[in-house]
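Treat the numbers as computed from the prediction; the structure is a model and nothing was measured. What's counted below: heavy atoms across the whole structure, side chains too, no hydrogens, waters or symmetry copies.
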Amino acid sequence: MHPQTHSHALNRLELLAPAKNLAYGIEAINHGADAVYMGGPAFGARSAAGNSLDDIEALARHAHRFGAQVFVAFNTLLHDHELEQARRLTHQIYEAGADALIVQDMGLLALDLPPIALHASTQTDNRTPEKVKFLQDVGFSQVVLARELSLAQIREISAATNVQLEFFIHGALCVSYSGQCNISHARTGRSANRGECAQLCRLPCSLQKPDGEVLVADSHLLSLKDMDQTDNLEALIAAGIRSFKIEGRLKGLDYVKNVTAWYRKKLDAILDSRSDLVAASAGRCSYSFEPDPKKSFNRGATDYFLNGRQQGIDSTKSPKYVGEPLGRVTKVTKDGIEIDGKQVTLNNGDGLGFFKPNNELVGMRLNKVEGKQLLLSERMPGLKVGTEIYRNHDQVFSKMLEKASADRRIRVDMMLAECDEGLSLTLTDEQGISATVMLPCDKLPADNPERALQQARDQLGKLGNTLFVARKIELVVTRPLFIAASQLNGLRRDGIAALEAARVASYQRPERRIALRDINYPQHRLSYLGNVLNSAAEQFFREHGVERIAPAYEANKEEGEVVLMITKHCIRYSQNLCPKEVPGLKAEPLELKMGKDTFRLRFDCNRCEMQVMGSLKR
């Protein structure tokens, strides 16, 4: 096995970052990602984030220089008429150099695919050891687990499988189990499983009784805070997670740089303290800014269900980015405000925000800071003493991220030695890949031995605009020799070129996991929630022992009221209406009213789940 693939795959920690496009992908790698995931030309579950084959190829070329990988999201459900285009596209993506396909539709496995590694998307609803073991056995080499899992559930899955487990550690949370949400398709015809989610869960809605009595009016009851597992990385490693995924293929470049750098530093600190784990790619990063995820778009932070159910996972006031709390207004002046609170350095051009009494979030621009006075760009109705102020745009931080903000270098040891025809330079990088180049020359003793040794070190260590940084430079010579600076520079350049070539030559894409025969799916029948939309997927499940298969919801065959969303986020619990939590409380039927639509809520208290019921809008 090549040094770059590391013999103990399960000791590799992979930081996986999102990329909307090629430029974002390059920056994600430069800021420390071991792998990036991006959409291809089609079928990528984010209709707004597609990329050409040329761009996939360019990103793979850049990533592979560091031994990092490129995964292409190919995770939508396919109609029969799309299967042939999808099959052809998988081959083109493989030819472009991608390392893996992230897949939702099992129909793809029934097609003639290239030998590319397959990852099971979170959209395949990966919550049980049985399901994850099945995916492992039919040929997936990485499985993205459901975001709702607890550490105990992850440990159970890890104990029952040997596939690489991936888990979301940061970013937006779907309120529904992924792949099990049909509310967007039901109401708008835009299917989440086909990359066109209308995000109805982020809209305001009201909680009411069937008789129309409103319990909570106009609140974002289904909108969750964002995931932030900063404090749980070691616990996730111990539970068996090896790939740490950042959400955000539609997010801005500042988010990608900032959040990738934040988790790179956290994982590097863990790697430095443990000899049993290695980074999944080469290179160490330095940054021109101090990463801080609170400064990038977020809806507040939650670690969701990782440490059990708790209050405060929802973000009911606003689905927008509120920002960092600064303090409360102590005085309103003609042109601005004064605030109390911690002494944060504010700058001209910062973005501020506050909630009006009706909970509407209002944004404003800070024109100028004069002593304690914050002069605003315009007068803000509704702004009064006692109002809490937030900063949602840090001008100085943003400006830093607009420029080149990271430097990623592979550590290399250099050895200059005498050989028969002159001198040899051997370079060995941190992954054990090496290259040797020769300099035929006369071995003349140096007039000034001290200076000659120092000059040799200085010239060899000048790795400025290369991928590399010298870790140690060893001179193996019987006596200090006179070598012209130009000769040393040429030798160093040849050596770096040879090492780059050796790295490219030794890079191996992961191989497809071999599928086992006669593997049965954990269930014998699939409802529309099985997401079988084409004949190839039906064939796949029949071959794996499923006897009865209903078509996916997108086939528009479901009549009447069905489950449109299954979620661990229980509104009864979050509104203190849970009979398990509040002794003596009677469980009453509840509904959600969203615009003109009303959805019945059904509660599965054994599983601690909530179902949102509704029907297809014809």
Side-chain angles (χ1 to χ4, degrees), residues 12-39 46 49 51 55 58-60 62-73 99-100 102 144 166-173 226-233 236-237 241-272 278-298 301 321 394 397-410 467:
R12 293 160 71 246
L13 298 188
E14 172 180 278
L15 178 59
L16 176 56
K20 182 193 283 189
N21 56 33
L22 171 61
Y24 284 36
I26 286 173
E27 288 301 344
I29 296 289
N30 293 350
H31 283 72
D34 296 301
V36 292
Y37 62 105
M38 74 189 315
R46 284 283 185 278
N51 291 283
D55 283 357
L59 183 56
H62 182 68
H64 293 167
R65 294 172 80 195
F66 293 99
Q69 298 187 338
V70 175
F71 307 152
V72 174
D99 294 280
I102 305 170
V144 193
E166 181 182 317
F167 193 69
F168 279 96
I169 53 165
H170 200 90
L173 281 164
D226 287 358
M227 175 86 91
D228 184 335
Q229 299 291 4
T230 298
D231 297 334
N232 298 317
L233 297 175
L236 285 165
I237 293 168
I241 299 300
R242 288 297 175 267
S243 179
F244 299 84
K245 185 174 202 165
I246 298 165
E247 178 277 336
R249 276 198 286 142
L250 297 178
K251 295 263 182 33
L253 185 55
D254 60 340
Y255 169 94
V256 173
K257 287 179 166 192
N258 183 22
V259 177
T260 303
W262 173 258
Y263 284 101
R264 180 72 272 158
K265 288 182 81 161
K266 298 289 172 197
L267 288 177
D268 281 349
I270 293 170
L271 290 168
D272 286 344
V278 293
S281 63
R284 272 294 172 103
C285 295
S286 54
Y287 306 104
S288 65
F289 68 103
E290 198 49 57
D292 180 357
K294 290 197 276 301
K295 290 187 181 293
S296 290
F297 181 97
N298 69 85
Y321 175 35
D394 182 333
F397 190 75
S398 293
K399 282 270 179 272
M400 274 197 281
L401 288 176
E402 280 171 17
K403 302 196 281 267
S405 48
D407 187 30
R408 181 171 180 171
R409 300 293 179 109
I410 299 167
L467 278 190

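The two atoms that bring Ala406 and Asn30 nearest to each other are CB-O, 3.5 Å, heavy atoms only. Nearest heavy atom pair, residue Asp226 against residue Leu173, reads C-CD1, 4.2 Å. Here the shortest heavy-atom pairing between Leu401 and Lys257 reads O-NZ, 2.7 Å. The minimum heavy-atom distance between Thr260 and Ala17, with the atom names listed, is OG1-CB, 3.6 Å. The minimum heavy-atom distance linking Glu14 with Ser243 is given by the pair OE2-OG, 2.6 Å. The minimum heavy-atom distance linking Asn258 with Ser296 is given by the pair ND2-OG, 2.9 Å.
Between Asp272 and Arg284 there is a salt bridge, since at least one side-chain N of the basic residue sits less than 4.0 Å from a carboxylate O of the acidic one. The pair Glu290-Lys265 counts as a salt bridge, with a side-chain nitrogen and a carboxylate oxygen less than 4.0 angstrom apart.
One distance of note links SG of Cys285 with NE2 of His31; it measures 8.0 Å at 0.5 Å rounding. The NE2 atom of His64 sits 6.5 Å away from the CD atom of Gln69 when rounded to the nearest 0.5 Å. With rounding to the nearest 0.5 Å, the separation of CG in Leu15 from CH2 in Trp262 is 13.5 Å. To the nearest 0.5 Å, atoms CG (Leu236) and CD1 (Ile169) are separated by 8.0 Å.
Tyr321 has its ring centre less than 6.0 Å from the ring centre of Phe297.
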Could you walk me through whether Val36 and Tyr24 pass side chain to side chain contact (heavy atoms under 4.5 Å, CB included), step by step? CA-CA 10 Å; Val36 292; Tyr24 284 36; over 6 Å; no

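Ring-plane geometry between Tyr255 and His170 is classed as tilted, the angle between the planes lying from 30 to 60 degrees on a 0 to 90 degree scale. By the 30° and 60° cut-offs, the orientation of the rings of Phe289 relative to Phe397 is perpendicular.
The shortest side-chain heavy-atom distance between Leu467 and Arg409 does not fall under the 4.5 Å cut-off. Using a 4.5 Å heavy-atom threshold, the side chains of Tyr287 and Arg264 count as touching. Counting heavy atoms from C-beta outward, Asp34 and Phe66 have side chains that stay 4.5 Å or more apart.
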